[in-house]
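All remarks here apply to the structure that follows.
The figures that follow rest on heavy atoms only: side chains count, while hydrogens, waters and symmetry mates do not. Counting starts at 1 for both ligands and their atoms, following the listed order.
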Amino acid sequence: MSLKDELKQDRLPSHVAIIMDGNGRWAKKRGNSRMFGHKHGVTAVREVTESAAELGINFLTLYAFSTENWSRPKTEVDALMSLLVSTISSETSTLMKNNVKLNAIGCTESLPSSVQAKLDTCIQKTSANTGLTLTLALSYSSRWEIIEAVKQIAADVKDNQLNIDDISADVISNRMATSGIPDPELMIRTSGEHRISNFLLWQLAYSELYFCDILWPDFRRDDFYRALLDFQGRERRFGKTGDQIKK
Ligand code: FPP
C-alpha cells in the first residue's frame with residue numbers, strides 16, 4: 001500500500017502551514033550558491049501544492065520570505081525576488097490546472113513593484129478557482145501582523161467602533177492577515193530546525209507541529225504524506241483530557 005493510500009480521507013487537516021527551510025544548506029552540500037538551492041526549492045513547492053490540491057486540503061500556507069529575510073545579502077534578496085517573479089509567471093498555468101487560488105499575506109507593499117504586479121495578476125487570474133487556497137507569506141512576520149492588528153483595534157476603540165470589553169479571540173483573528181482562513185491544524189518545518197521563527201504565532205496556538213530533517217529542495221509528495229500520517233496518529237486534546245476526547 002502506498003503512503004497516500006494509508007491516509008484517512010476524513011481526517012485530513014483543512015489547513016497546513018509550512019516553513020520551507022534548508023535551501024542554502026542543500027546547495028552548499030553540492031558546492032553551489034544559495035540561489036541554486038532556492039531554485040530547486042520551487043520543485044518542492046510544486047509537488048506539495050499539487051498533492052495538497054489532489055488530496056482536497058483546503059488551505060496551504062508557505063513561508064516564502066520573512067521580514068527578517070530582508071537583512072540577507074542584497075544579491076540573494078534580489079535573486080529571490082526575481083525567482084518569485086519567474087515562478088509566479090511559469091506556475092500560473094499549473095495553479096489553473098489544479099483549481100488553486102493564490103493568496104498572499106505580509107507587508108506586500110514592501111516587495112519590488114515587479115513582484116507586486118505578478119502577484120496581483122496571478123491572484124486575480126486564479127480568484128474564481130474553488131479548490132486549494134495557496135497562501136504565500138511574503139515580507140511576513142507574525143509580530144508585524146500582530147502589531148498591525150493591535151493598531152487597528154486601538155483605532156476602532158478610539159473611534160468608538162469597538163468596546164474594550166468586546167475584544168475577543170474572534171475580534172483579534174479577524175484583524176489578522178489570515179482573516180477568513182481557519183487556523184492551521186498542522187505546521188511542518190523542514191531541515192531539522194525546531195523553531196517557529198515568527199510564523200503565524202497567534203494561529204499556531206493549537207496546531208500540531210511536525211519537524212523533519214529533510215532539506216526543503218528534497219521534500220517530495222511522500223514526505224508530505226508522512227507528515228500527514230504522523231498528524232493523523234496524534235490525539236488533539238485542546239486542553240481537555242484524553243478520556244473527554246474519546247467520548
Ligand atoms: C529558507 O531556506 C528558504 C527561503 C528563505 C526561501 C524560500 C523560497 C523558495 C522555496 C523558492 C521560491 C518559493 C516560491 C513560493 C515560489 P534557507 O535559505 O534559510 O536555507 P538554510 O537555512 O539552509 O540557509
Ligand 1 to Leu84 polar contact by distance, N or O atoms, under 3.5 Å: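 No, Leu84 has no N/O under 3.5 Å of an N/O on ligand 1.
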Determine whether the side chain, the backbone, both or neither of [X] has a heavy atom under 4.0 Å from any heavy atom of ligand 1.
X	answer
Asn69	side chain
Arg72	side chain
Thr87	side chain
Leu62	neither
Trp216	side chain
Lys28	neither

For a quick test of your reading: what N or O donor-acceptor pairs under 3.5 Å do the side chains of residues 99-106 make, sequence neighbours left out?
unit_1 : atom_1 : unit_2 : atom_2 : d
Asn99  : OD1    : Thr130 : N      : 2.9
Asn99  : ND2    : Thr130 : OG1    : 3.0
Asn103 : ND2    : Thr135 : OG1    : 2.9

Does a side-chain N-to-carboxylate-O contact under 4.0 Å join [X] and [Y]?
X	Y	value
Asp230	Arg226	no
Asp156	Arg175	yes
Glu193	Arg25	yes

Considering only the protein, which heavy-atom contact is closest to [atom], and what is its distance?
atom	answer
atom 13 (C) of ligand 1	Val45 CG2, 4.2 Å
atom 6 (C) of ligand 1	Ala64 O, 3.4 Å
atom 1 (C) of ligand 1	Met20 O, 3.1 Å
atom 11 (C) of ligand 1	His38 O, 3.6 Å
atom 10 (C) of ligand 1	Asn23 ND2, 3.5 Å

Any atoms of ligand 1 less than 4.0 Å from a non-hydrogen atom of [X]? List them with their elements.
X	result
Arg34	17 (P), 18 (O), 24 (O)
Leu136	15 (C)
Arg25	21 (P), 22 (O), 23 (O)

Can you tell which of Phe231, Phe59, Tyr206 makes a side-chain contact (heavy atoms from CB on, under 4.5 Å) with Glu185?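 That would be Phe231; it is the only one of Phe231, Phe59, Tyr206 passing the side-chain contact (heavy atoms from CB on, under 4.5 Å) with Glu185.
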For a side-chain contact (heavy atoms from CB on, under 4.5 Å) with Arg189, tell me which candidate from Ile196, Asp21, Leu209 qualifies.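 For Arg189, the side-chain contact (heavy atoms from CB on, under 4.5 Å) check succeeds only for Asp21.
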Check: Ser207 side chain, Pro184 main-chain N or O, donor-acceptor pair, under 3.5 Å: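 Indeed, once roles are kept as given, a pair shorter than 3.5 Å links the two residues.
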Counting N and O atoms only, with roles assigned by atom type, does the side chain of Asn98 sit under 3.5 Å from a partner on the main chain of Thr94, one being a donor and the other an acceptor?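 Confirmed, Asn98 side chain pairs with Thr94 backbone.
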Measure across Ile19 and Phe199 and return the closest heavy-atom pair with its distance rounded to 0.1 Å.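 Ile19 and Phe199 have their closest heavy atoms at CG1-CD2, 3.4 Å.
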Row check, Trp70 ring normal vs Arg72 NZ/CZ: under 6.0 Å, within 45°: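 Relative to the ring axis of Trp70, which defines the angle, Arg72 lies outside at least one limit.
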